[in-house]
Structures are given as structure tokens and as C-alpha cells.
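Below, chain A is the first sequence line, B the second, and so on; all start at residue 1.
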There are 2 protein chains.
Amino acid sequence: MISTGEKPAMSASKTAGVYTELREDLLNGVYQPGSKLMIDALATRFRVSPSAVREALSRLTSERLVVAMPQKGFTVATVSQEDLDDLTQVRIEIETRCLRRSIELGDIEWEAALLASWHRLCHAGASPLGRAHPDWERLHAQFHDDLVAACDSPWWLRLRHELYIQAERYRRMVRSEADTKRDIEAEHRAILDRTMARDADGAVAALSRHLSQTADHVRRTGLTELLARADRADAI
Amino acid sequence: MISTGEKPAMSASKTAGVYTELREDLLNGVYQPGSKLMIDALATRFRVSPSAVREALSRLTSERLVVAMPQKGFTVATVSQEDLDDLTQVRIEIETRCLRRSIELGDIEWEAALLASWHRLCHAGASPLGRAHPDWERLHAQFHDDLVAACDSPWWLRLRHELYIQAERYRRMVRSEADTKRDIEAEHRAILDRTMARDADGAVAALSRHLSQTADHVRRTGLTELLARADRADAI
DNA sequence: AAGTTAAAGAAAATCTATTTTTTGTCAAAA
DNA sequence: TTTTGACAAAAAATAGATTTTCTTTAACTT
């Protein structure tokens with residue numbers, strides 16, 4: 001909706017800048033789920049007026065990253081085990097539907113772009129920083145986008161994107177943990193392999209496993225602890 | 001997201017009031033799709049400050065009823081034949097999935113509420129004003145909500161609701177036309193009948209037909225003319 | 001004549017200040 | 001001891017003014 005441009009430091013508008021930074025913080029779990037987002041405090045922090053913060057927060061409700069309560073202000077969207085389970089299940093259905101369609105319709109250009117995205121992702125993952133690499137999140141999103149890019153239904157893709165963002169929140173919460181156990185690279189390779197072979201059933205199975213295992217990882221690694229911490233609903 | 005309360009005239013906040021009224025207008029096709037929504041003009045019209053209008057518009061982007069363009073303001077979401085077709089297809093899949101689950105899980109209370117909603121809807125439809133009855137839209141939404149109310153997946157229900165709103169936009173555009181040809185009552189009765197009989201396949205088929213025929217009706221009755229009119233992209 | 005640039009007007013974005021609402025606290029009464 | 005009410009502090013909501021950005025128009029150059 002809002003183009004951030006190449007330079008995150010210099011946005012098109014104040015609101016856009018606050019929106020981008022806040023969104024990043026929210027995805028990275030900087031704010032405790034359920035905590036209050038106080039407008040004045042954020043305005044001071046970002047050196048802008050409360051109006052700009054209000055609008056940024058309003059826009060973030062579109063993505064369900066924050067929720068607005070009339071006369072009560074804004075709070076960070078909450079997380080829960082049930083929500084993660086439900087989200088994962090729905091996501092698998094929608095992602096795989098898009099993937100099937102993409103495999104059905106994709107041409108050589110689609111294959112080329114997907115292969116390129118996969119290569120970039122591998123490279124970022126292989127770097128010293130591993131998945132903490134600042135670009136890794138972006139490249140990962142790009143790979144999953146390109147996977148379904150040949151799907152011809154804007155609505156399915158829109159819904160897929162919505163759910164991807166929600167899932168990313170959960171995933172990033174435990175990103176800092178040492179999750180080197182899983183071989184995410186291998187999972188991506190399997191998805192790519194089956195997709196390029198136009199093996200729809202195989203690709204769908206690989207993607208489903210990938211999404212399930214990501215959810216499992218979040219579940220086991222960090223959610224319990226995170227929910228415990230959420231008791232102290234401290235603001236900013 | 002924002003509770004409108006019983007009295008639409010007296011909302012919780014100015015923003016909420018503007019939001020509610022604008023939303024109603026947008027759904028009713030008061031503004032031409034694609035036209036500009038000028039903040040000052042709306043602020044004057046609703047007797048509130050521009051800030052309140054901005055925030056209301058920001059929130060309406062959540063539902064994709066308006067789109068925001070940085071430094072350009074807000075415009076009414078556009079419509080198209082392709083969008084309607086895609087929307088309808090996705091909607092059928094999601095609505096029927098929710099319905100299957102609802103039929104599987106629904107208890108007697110769910111049946112009772114559904115039957116009550118259907119009765120109210122029938123009564124409104126039978127009144128002199130027919131479907132132009134101001135309450136008809138509300139009761140219709142309630143019936144379709146109650147139909148899937150026993151589905152236990154919040155995410156599927158959320159996505160269903162999103163698409164319902166989008167479809168409602170299209171439907172209301174041609175509401176004023178004389179569409180007495182179709183027997184909508186019969187379609188609703190068929191859905192209700194198959195659902196209460198716990199005939200999942202039959203209910204899904206009836207619901208699919210209902211949604212398809214609604215889209216067909218929009219397609220044939222008014223979309224062409226509407227798109228033609230949309231050439232004059234006049235503001236407010 | 002076509003294209004480019006400059007200036008003026010309009011509209012969006014933003015800020016500061018004010019009003020309204022909520023929330024937390026403390027004291028008094030049951 | 002618990003509850004109730006009022007008061008004070010904090011935060012949200014709103015208005016109005018200001019700054020910035022875009023768009024249109026008209027003059028000017030090629």
C-alpha cells in the first residue's frame with residue numbers, strides 16, 4: 001500500500017516512515033502482544049506529531065498487526081496457541097491452492113524468477129549471519145511470493161499475503177533462538193525441486209510440511225515463554 | 001471493529017460516526033468507483049475536522065472499500081468484471097468450506113438461531129418495500145453469518161467476512177433495479193432446508209448456486225452500465 | 001506547433017493546542 | 001473491610017492553522 005522506496009531512512013511522508021518502522025518493530029516482536037501503544041510516547045520517540053502516529057496505527061489495523069479500541073487507543077495484536085494452529089491450517093490450504101494453480105500456469109519466465117529467488121535465499125542463508133541476516137526475511141518472502149506468482153487469482157493471492165504476514169509475526173518471535181536443528185534450506189530445496197518438476201502433489205506436500213514444521217518450531221521453541229511474559233502487559 | 005451502537009446518529013466518537021456513514025455510502029454506491037474522496041469536502045459535509053475524516057478513510061482501507069495513495073489522498077475502490085468473477089469463485093470456495101464445517105459441528109442452538117434469522121429475513125422480504133427494506137441488508141447478512149456460525153475456525157470466518165463485504169458492494173450497486181425475476185427467497189429456503197437436514201453436499205450446492213446467481217445478476221443487470229458511468233471520475 | 005518551465009491555486013499532510021473521555025487514587029460512609 | 005463517589009492525572013480524540021506537495025495553467029522557448 002505504501003511504497004517504502006529504497007532508502008528506509010527517507011520515506012515519502014512522515015506517516016509512511018512511522019508506518020514502516022512500526023511495522024518492522026511489530027513483526028520483530030519489539031512490543032509485547034496485547035500491550036498498549038501509546039500515541040504520545042510513540043510520537044515523541046519518532047519525533048513526529050500524534051496525528052502521524054494515529055494514521056500509521058490506523059493503517060496497521062488493516063494487516064491486523066494492531067487493533068483499535070474506540071476511546072481506548074491501540075494495542076498490539078495478541079498471539080495464542082489456538083490462533084497459530086488455526087492460522088497454520090488455513091494457510092496451508094490457501095498456499096497450496098495458489099501453488100497448484102501456479103504450477104499449472106507458470107511459464108519459463110516464472111521458473112527463472114523462482115530459481116533466481118531461491119539462489120539468493122540460499123546465499124543469504126549461507127552467510128556468516130545465517131538467518132539473522134537482515135535481508136534474509138525479505139528474500140524468504142520473495143521466494144514464497146515467486147512460488148505462487150503464476151497463480152491467476154488476485155483474491156487468493158491477497159488472502160495468501162495476509163496470512164503470510166500473520167505467520168511471519170509468529171516466526172520472527174523465535175527467530176533469535178538457535179533453531180539450527182531444522183534444515184530449512186533442505187525444505188526450500190524440496191519445494192523448489194518438486195515445483196520445477198511440475199509435480200503438483202509433491203510440491204504441495206513439501207510446502208505443507210514446510211509450513212507445519214515452521215509452526216511446530218514456533219510452538220515448541222518460544223510461544224509458551226512468550227505467552228508467560230505477556231502477563232506483564234507493559235506499554236511501550 | 002467499531003461498534004456503532006443502536007443509534008447511528010450518536011456514535012462513540014466522531015471518527016466512528018464518519019466511518020459508519022461513509023461505509024454505508026460506499027456500500028450503497030453513493031460514490032462512483034475510482035473517484036476521489038476529498039478530505040476537506042467530506043469534513044464540511046459531516047461537520048467534523050479533516051483529522052476525523054482522514055482516520056475514517058484510513059480505517060476503510062482495511063476493508064478495501066477505499067484505497068490510499070500517498071500524497072494523492074483517497075479514492076473509492078474500483079470495480080471490474082474480472083474482479084467480480086475472481087471474487088465470486090474464491091468466495092464460493094470459502095463460504096462452502098465454512099458451511100461444511102458448520103453443518104458438521106452445529107448444535108441445536110445453532111439451528112434455532114439460523115431458523116430465527118431466516119424467518120426474520122423472510123418477513124422483511126415479504127414487506128411492501130421488498131428488498132429495498134432498510135433492514136433487509138442487515139437481516140440478509142445475519143442469515144449468512146448464522147449459516148456458518150458453528151464453524152470453529154476464526155481465520156476462515158474472518159476471510160469469509162472480508163469477501164462478503166466486497167461482494168455486498170457489487171450486489172447493492174444493482175439493488176435498486178427491478179430484480180424480481182430471481183426468487184431469492186427460494187434460494188435461501190433451499191440453503192436452509194439442506195442445512196437443517198445436515199445434507200452437506202446439498203447445502204453446499206445450494207449455497208454455490210445462490211452466490212453464482214447473485215454474481216450473474218450483477219453482471220447482467222448493472223455492471224456494464226456502471227463501468228461506463230465510471231468514465232466520468234467525478235469527485236464527491 | 002509542440003514541448004518545457006514557472007507560477008499560482010488546490011489539496012494533502014502535518015503540527016500544535018484544546019476538549020473530551022477514561023483511569024487511577026484516596027477518602028468517607030456503610 | 002468493602003464499597004462508593006469524587007477528584008486528579010493521563011491519554012485519546014478533535015479542531016484549526018500551517019507547511020508541504022501536487023496539479024493546472026499560461027507564458028515562453030525551440
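- Residue A:Lys36 contributes atom NZ, which lies 12 Å from atom P of C:dT22 at whole-angstrom precision.
- Under 4.0 Å is where a charged nitrogen must lie from a carboxylate oxygen, and between A:Arg97 and A:Glu93 no such pair does.
- In this structure, B:His144 has its ring center under 6.0 Å from that of B:His140.
- Comparing D:dA15, C:dA13, D:dA12 against the side chain of A:Met38 picks out D:dA12 as the nearest.
- Taking atom CG of A:Leu42 as the reference point, atom P of D:dA13 lies 13 Å away to the nearest angstrom.
- Under a cut-off of 6.0 angstrom, the local environment of CD in A:Glu168 is crowded, with over 12 non-hydrogen atoms contributed by other residues, nucleotides or ligands.
- An OP1 or OP2 oxygen of D:dA13 is reached within less than 4.0 angstrom by a side-chain nitrogen or oxygen of A:Arg54.
- Regarding contacts with the backbone of D:dT19, every side-chain N or O of A:Lys14 stays at 4.0 angstrom or more from both OP1 and OP2.
- Here A:Ser13 reaches the OP1 or OP2 of C:dT14: one of its side-chain N or O atoms lies under 4.0 Å away.
- A salt bridge links B:Asp25 with B:Arg45: the distance from a Lys NZ or Arg NE/NH1/NH2 to an Asp or Glu carboxylate oxygen falls below 4.0 Å.
- For A:Pro50, taking side-chain heavy atoms from C-beta onward, the closest of the listed nucleotides C:dT14, C:dA13, C:dT16 is C:dT16.
- The residue among B:Gln71 and A:Lys72 whose nearest nucleotide of DNA chain C is located toward the 5' end is B:Gln71.
- The interatomic distance linking A:Ile39 (CD1) with C:dT18 (C1') rounds to 16 Å, in whole Å.
- The CG atom of B:Leu57 sits 15 Å away from the P atom of C:dA11 (whole-angstrom rounding).
- Across all strands, B:Ser51 comes closer than 4.0 Å to base atoms (heavy-atom distances).
- Taking atom CD of B:Glu55 as the reference point, atom C1' of C:dA13 lies 15 Å away to the nearest angstrom.
- Classification of A:Asp135 and A:Arg120 as a salt-bridged pair fails, no side-chain N sitting under 4.0 Å from a carboxylate O.
- When the side-chain nitrogen and oxygen atoms of B:Ser49 are compared with OP1 and OP2 of D:dT14, none of them lie within a distance under 4.0 Å.
- Atom CE in A:Met69 sits roughly 16 Å away from atom P in D:dA11 (whole-Å rounding).
- Residue A:Leu37 contributes atom CG, which lies 12 Å from atom P of D:dA13 at whole-angstrom precision.
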